[in-house]
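Heads up, the thing below is written out as structure tokens.
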Amino acid sequence: MTGFSKDPFNYHFERLEDVAEKISEVLQCPITIEDVNHRLLAYSTHDDRTDPARISTIIGRRVPEKVINSLWKDGTIPKLLHTDEPIRVKNIDEVGLGNRIAISIWKNDEVLGFIWALEIEKQLQQSDLLLLKKAARAVKNKMLKLQVRKTKKEERNQEFFWKLLTGHVSTEHEITQSFHELNLHVPSPFSVCIFKFPQEINEEAEKKLSYLLQTTQQVTILLYTFDFDELIILLSAKSSAPLTDIKHFTYSTIRQLNERYQLKNVTASMGGIFSSPVFIEKSYKEAIAVHSLKKRFPKETTELTSFSELGFYQYLDILYNQRKESGHQHYSLTKLKEYDQRHSTNLVHTLEVFLDHDSNVHDASKALNIHINTLNYRLKRISEIGELNLKNMNQKITIYLHLKLDHMPL
């Protein structure tokens, strides 16, 4: 079967499944065909033997995320994204992956997908690998038609998403109907998440980001778009703990951007979690607010991602405007500022660090790089000069808010 001088795939196939069956027949091994985002497109059906990774892929119609991660770590996927030659993949027992040969399907300088041939009963020889390259060309012709339909669908999705984000589709009936027309599930619960990059997202970065979103199985990605230096996503959680799910997804995405693509200094912000799609615009605006506050208060909000975690920070704009209109100054804080100015001390900074660390003298003294006794002395002077009771929660919260309001004009 391996001594063909002509191309055994050089005729018209009705379906991509027919191509998979023909490749399996010629090479005498199980075949799966995936798109570039590891979604299953076709597979040979008459195989008696397979491995757990292939079974999971067929059942779920996509390669399991743990398998994708393993293939990144062992260098398989990076190789496939840079060559049109067959790649031999050794078994990875922990994810149920047996020995196989993989080849990328290319159109010009773009990878459209992959063919995977399992080496269960036989090891493919050099002549088989040449046939596999011919098979990749046959698959390409079928995939190009799929790609045209996919591009048109993505354009419709983009237009709809921007209408949602900007409030141009407002009633629940209209939104729900549009989701159904695009064959999308109405999200519940959902959130809008924004990834902010230090520079404009170019075409190459777009492809990498799209790949990560298409392959993640932590959450359901419904719609996404790129806007200069931002990736904006509408996503839905899969468990009964949506905040935890979405936060884990943001952390994982940032880590993978760093590890796989060396894309660093990316920040994530997520809006509120809602059940009704009429609140998609609201969630988007809240994600923008989170990013704005993270920019204003980088140290205090390092671990903060979600609008629901903002606490009093979400009210600072309102309080700032009120203070601006009234001209009100906090009595104790004003006295401490005047004292610092006259005596070249830093009691205001000491107080802010102390309150930042939840009034924990041990943590605050470490952050200030001073002895705990020195901090206790300063706190005593702060209480005396500012006529302030640092054991009174109301007084502490009020002065803490005013300390943060002082950063608002930045």
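Note: Tyr251 and His248 have tilted aromatic rings, judged against thresholds of 30 and 60 degrees for the angle between ring planes.
In summary, Arg381 and Glu384 engage in a salt bridge, as defined by a charged side-chain N under 4.0 Å from a carboxylate O. Salt-bridge formation is not detected for the pair Asp74/Lys90: no Lys NZ or Arg NE/NH1/NH2 atom is positioned less than 4.0 Å from an Asp or Glu carboxylate oxygen. A salt bridge links Glu25 and Lys22; the closest N-O separation between the charged side-chain nitrogens and carboxylate oxygens is under 4.0 Å.
For the residue pair Lys335 and Glu387, the shortest heavy atom distance occurs at NZ-OE2, 2.8 Å. Leu231 approaches Ile201 most closely through the heavy-atom pair N-CD1, 3.9 Å. The shortest heavy-atom contact between Thr83 and Trp106 is O-NE1, 3.1 Å. When every heavy atom of Val290 is checked against every heavy atom of Ser306, the shortest pair comes out as CG2-C, 4.0 Å. Among all heavy-atom pairs drawn from His357 and Ala367, the shortest one is CE1-CB, 3.5 Å. Taking all atoms of both residues into account, the shortest heavy-atom contact from Val19 to Ala138 is CG1-CB, 4.4 Å.
At a cut-off of 3.5 Å, with distance as the only test, no side-chain donor of Asn373 or Arg378 sits close to an acceptor on the other residue. If you check the side chains of Asn37 and Thr215, you find no donor sitting under 3.5 Å from an acceptor. In this structure, a donor-acceptor pair under 3.5 Å is absent between the side chains of Glu94 and Ser70. If you check the side chains of Ser252 and Gln256, you find a donor sitting under 3.5 Å from an acceptor. If you check the side chains of Gln158 and Thr225, you find a donor sitting under 3.5 Å from an acceptor. Ser239 and Asp245 form a side-chain donor-acceptor contact under 3.5 Å, judged by distance and modelled atom types alone. Under the 3.5 Å distance criterion, with hydrogens and angles disregarded, a donor-acceptor pair is assigned to the side chains of Glu352 and His407. At a cut-off of 3.5 Å, with distance as the only test, no side-chain donor of His343 or Thr345 sits close to an acceptor on the other residue. Judged by distance alone, the side chains of Tyr400 and Asp356 do bring a donor and an acceptor atom under 3.5 Å apart.
Side-chain contact between Leu235 and Cys193 is present, with at least one heavy-atom pair separated by less than 4.5 Å. Side chains of Ile105 and Ile115 form a contact here, defined as non-hydrogen atoms less than 4.5 Å apart. Side-chain contact between Leu293 and Leu310 is present, with heavy atoms from C-beta onward closer than 4.5 Å. Tyr224 has its side chain out of reach of Val192: every pair of non-hydrogen atoms, C-beta onward, lies at least 4.5 Å apart. Counting heavy atoms from C-beta outward, Leu124 and Glu119 have side chains that approach closer than 4.5 Å. Between Leu130 and Lys134, the closest side-chain pair of non-hydrogen atoms is not below 4.5 Å. In this structure, Leu40 and Arg62 have side chains that are not in contact, with every pair of non-hydrogen atoms separated by 4.5 Å or more.
Heavy-atom contacts from other residues, nucleotides or ligands closer than 6.0 Å to CZ of Phe312 number more than 12. In the displayed structure, Lys285 atom NZ is contacted under 6.0 Å by at most 12 heavy atoms of other residues, nucleotides or ligands. Shown here is Lys163, whose NZ atom has no more than 12 heavy atoms of other residues, nucleotides or ligands within 6.0 Å. Few gaps surround NZ on Lys207; more than 12 heavy atoms of other groups in view lie less than 6.0 Å from it. No more than 12 heavy-atom neighbours from other residues, nucleotides or ligands sit within 6.0 angstrom of NZ on Lys282. Other residues, nucleotides and ligands place more than 12 heavy atoms under 6.0 Å from the NZ atom of Lys337. Residue Gln262 qualifies as enclosed at atom CD: its count of foreign heavy atoms under 6.0 Å is above 12.
Of the possible donor and acceptor atoms, one in the side chain of Lys294 sits under 3.5 Å from a partner among the backbone N and O of Thr301. Distance alone, capped at 3.5 Å, is enough to place a donor-acceptor pair between the Ser44 side chain and the Ile31 backbone. Glu21 contributes a side-chain N or O that, together with a main-chain N or O of Thr45, makes up a donor-acceptor pair within less than 3.5 Å. In this structure a side-chain-to-backbone donor-acceptor pair under 3.5 Å is present from Lys238 to Gln217. No side-chain donor-acceptor contact under 3.5 Å links Asp358 to the backbone of Asn360. In this structure a side-chain-to-backbone donor-acceptor pair under 3.5 Å is missing from Arg342 to Asp340. Looking only at distances, a side-chain donor or acceptor of Asn202 sits under 3.5 Å from a matching main-chain atom of Ala205. No donor-acceptor pair closer than 3.5 Å links the side chain of Ser283 to the backbone N or O of Phe279. Side chain of Ser104 to main chain of Leu80: a donor-acceptor pair is present (N/O by atom type, distance under 3.5 Å, no hydrogens or angles). The backbone N or O of Leu213 sits nowhere less than 3.5 Å from a side-chain atom of Thr216 that would complete a donor-acceptor pair.
Note that CE of Met270 is 10.5 Å distant from CG of Leu304, once rounded to the nearest 0.5 Å. Rounding to the nearest 0.5 Å gives a distance of 5.5 Å between CD1 of Ile382 and OG1 of Thr350. Taken to the nearest 0.5 Å, the CG atom of Asn69 stands 8.5 Å off from the CD1 atom of Ile77.
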Subject >> Trace of the side chain to side chain contact (heavy atoms under 4.5 Å, CB included) decision for Glu281 with Leu165 >> reply: CA-CA 5 Å; Glu281 180 190 10; Leu165 295 175; over 6 Å; no
Subject >> Pair Thr267-Ile254, side chain to side chain contact (heavy atoms under 4.5 Å, CB included): steps then yes or no >> reply: CA-CA 8 Å; Thr267 58; Ile254 289 174; 5.8 Å; no
**OP:** Please assess Thr57 against Tyr43 for the test side-chain hydrogen bond (donor to acceptor under 3.5 Å, both in side chains), listing each intermediate value before the final yes or no.
**Re:** CA-CA 10 Å; Thr57 299; Tyr43 62 97; over 6 Å; no
**OP:** List the steps, then state whether side chain to side chain contact (heavy atoms under 4.5 Å, CB included) holds for Thr398 with Asn394.
**Re:** CA-CA 6 Å; Thr398 304; Asn394 182 56; 3.9 Å; yes
Subject >> Intermediate values then yes/no, salt bridge (Lys or Arg N to Asp or Glu O under 4.0 Å), Arg137 and Asp84 >> reply: CA-CA 10 Å; Arg137 288 194 288 272; Asp84 60 357; over 6 Å; no
**OP:** Test salt bridge (Lys or Arg N to Asp or Glu O under 4.0 Å) on Glu309 and Lys247 and set out the steps.
**Re:** CA-CA 11 Å; Glu309 299 171 313; Lys247 284 181 66 177; 2.5 Å; yes
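By the salt bridge (charged side-chain N to carboxylate O under 4.0 Å, His left out) test, Glu181 is found to be paired with no residue, residues two or more places apart in sequence or in another chain being considered. Glu110 meets the side-chain hydrogen bond (donor to acceptor under 3.5 Å, both in side chains) test with Gln147; sequence neighbours excluded.
Pairs of residues two or more places apart, or lying in two chains, that qualify as ring pair (Phe, Tyr, Trp, His ring centres under 6.0 Å) and include a residue from residues 170-211 are His38-Tyr211, Trp72-Tyr211, Phe160-Phe179.
Residue Ile23 forms a side-chain contact (heavy atoms from CB on, under 4.5 Å) with just one option from Thr32, Leu131, Asp18, Val139, and that option is Val139.
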